[in-house]
Amino acid sequence: MNELQEKLHLSPTDFSAQVCMLRDFFSISEWHKDQHDVVADDFAATMAVVSHPDLIRQGILSYRDFIKENEIKVVENKPLTKGDSIFQRIIEPYKGNVLFVDFWEMSCGPCRGKMLSMRDEVEANKDKPVKYLYITDDTPEHCKSFLEPNNIKGEHIHITRAEWGYLQEKFQFTAIPFVVIFDKQGKRRENTTVEQLLNE
């Protein structure tokens, strides 16, 4: 701010000076993406001289977006867990589609009920870029008596008990049925529906 006052003769309360300070902060932050503490300190110092309400709001929103973007990158760069590897192997053949992933077991009445209630949706979307993946640790033979007579369509994926345990750890679930939905880019989406993701 002292430099702005000397070179451009702008006072600290000048709107243009405060815009320059914010632009300078976000420009420099691109060079310190991995130094979160440094960026946080710089942001605090910058906001200390910003007094215009609209600029304060815009600065906070922009900083929030900056943090979210870089947090995602940090998560994406973490080493894959065993559960990650198993799940990636399962969904690999269906990349580019919206994915409705349902974890279920034959001993679970609500699981079977949910699959029955989903039949119309699965049929209606059979020619759309969406795949319904039903994952269970039961054997194909054990499931056949329910799936075939009830015409349960979708992709039926049978995994081992050990793999089931790794996926439980990955998604942090204990109760079933447990559903996760992914968009076409492979990102997990919450509080949304298959139809909404197809419309996107």
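All values reported here derive from a predicted model rather than from experimental measurement.
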Would you check if there is a donor-acceptor pair between the side chains of [Y] and [X] at a distance under 3.5 Å?
X: K153; Y: N151; result: yes
X: S51; Y: Q18; result: yes
X: S27; Y: D24; result: no

Quick one: pull up [atom1] in [X] and [atom2] in [Y] and give me the separation to the nearest 0.5 Å.
X: D14; Y: M21; atom1: CG; atom2: CE; result: 13.0 Å
X: M47; Y: F25; atom1: CE; atom2: CZ; result: 9.5 Å
X: I91; Y: F182; atom1: CD1; atom2: CZ; result: 6.0 Å
X: W104; Y: T136; atom1: CH2; atom2: OG1; result: 5.0 Å
X: L55; Y: I60; atom1: CG; atom2: CD1; result: 11.0 Å
X: H158; Y: I135; atom1: NE2; atom2: CD1; result: 11.0 Å

(Q) Test of understanding: with salt bridge (Lys or Arg N to Asp or Glu O under 4.0 Å), list the residues that count as partners of R89, not counting sequence neighbours. (A) E163

Q) Which residues pass the salt bridge (Lys or Arg N to Asp or Glu O under 4.0 Å) test with E148, sequence neighbours left out? A) none

Q. Under the side-chain contact (heavy atoms from CB on, under 4.5 Å) test, which residues partner D41, sequence neighbours left out?
A. none

Indicate every side-chain donor-acceptor pair of residues 193-200 with a distance under 3.5 Å to a residue at least two apart or in another chain.
residue, atom, partner, partner atom, Å
T193, OG1, Q196, N, 3.1
E195, OE2, N125, ND2, 3.3
Q196, OE1, T192, OG1, 2.9
Q196, OE1, T193, N, 2.9
N199, ND2, E195, O, 3.2
E200, OE1, R189, NH1, 3.3
E200, OE2, R189, NH2, 2.7

What about [X] and [Y], same hydrophobic cluster or not, with Ile/Leu/Val/Met/Phe/Trp/Tyr joined at side-chain heavy-atom distances under 4.5 Å?
X: F66; Y: I56; answer: yes
X: V19; Y: L22; answer: yes
X: F103; Y: I90; answer: yes
X: W164; Y: V179; answer: no
X: L167; Y: I181; answer: no

Q: Begin with the C-alpha distance, continue with both residues' side-chain angles, and end with the deciding distance and a verdict on side chain to side chain contact (heavy atoms under 4.5 Å, CB included) for L133 and F100.
A: CA-CA 6 Å; L133 277 55; F100 177 96; over 6 Å; no

Q | Carboxylate-amine/guanidinium contact E123 K126, below 4.0 Å | A | yes

Q. According to the salt bridge (Lys or Arg N to Asp or Glu O under 4.0 Å) rule, which pairs have a member within residues 104-114, sequence neighbours left out?
A. E105-R161

Q) For residues 47-59, which residue pairs qualify under salt bridge (Lys or Arg N to Asp or Glu O under 4.0 Å), counting only residues two or more places apart or in two chains? A) none

Donor-acceptor contact present, side-chain [X] to main-chain [Y], <3.5 Å:
X: D42; Y: V39; value: no
X: D138; Y: M106; value: yes
X: N150; Y: I152; value: no
X: N97; Y: Y94; value: yes

Note, [X] side chain near [Y] side chain (heavy atom, < 4.5 Å):
X: M118; Y: Y134; result: yes
X: F146; Y: M115; result: yes
X: H156; Y: C143; result: no

Q. Which pair of heavy atoms, one from K144 and one from P149, lies closest together, and at what distance?
A. O-CD, 3.4 Å

**Q.** Heavy-atom closest pair, residues P110 and P177
**A.** CB-CD, 3.9 Å

Q) Does the gap between the ring centers of Y63 and F26 come in under 6.0 Å? A) no

Q. What about the rings of F87 and Y166, do their centers lie closer together than 6.0 Å?
A. no

Q | CA sep, side-chain torsions, deciding dist, call: D137, T160, side chain to side chain contact (heavy atoms under 4.5 Å, CB included) | A | CA-CA 5 Å; D137 60 347; T160 67; over 6 Å; no

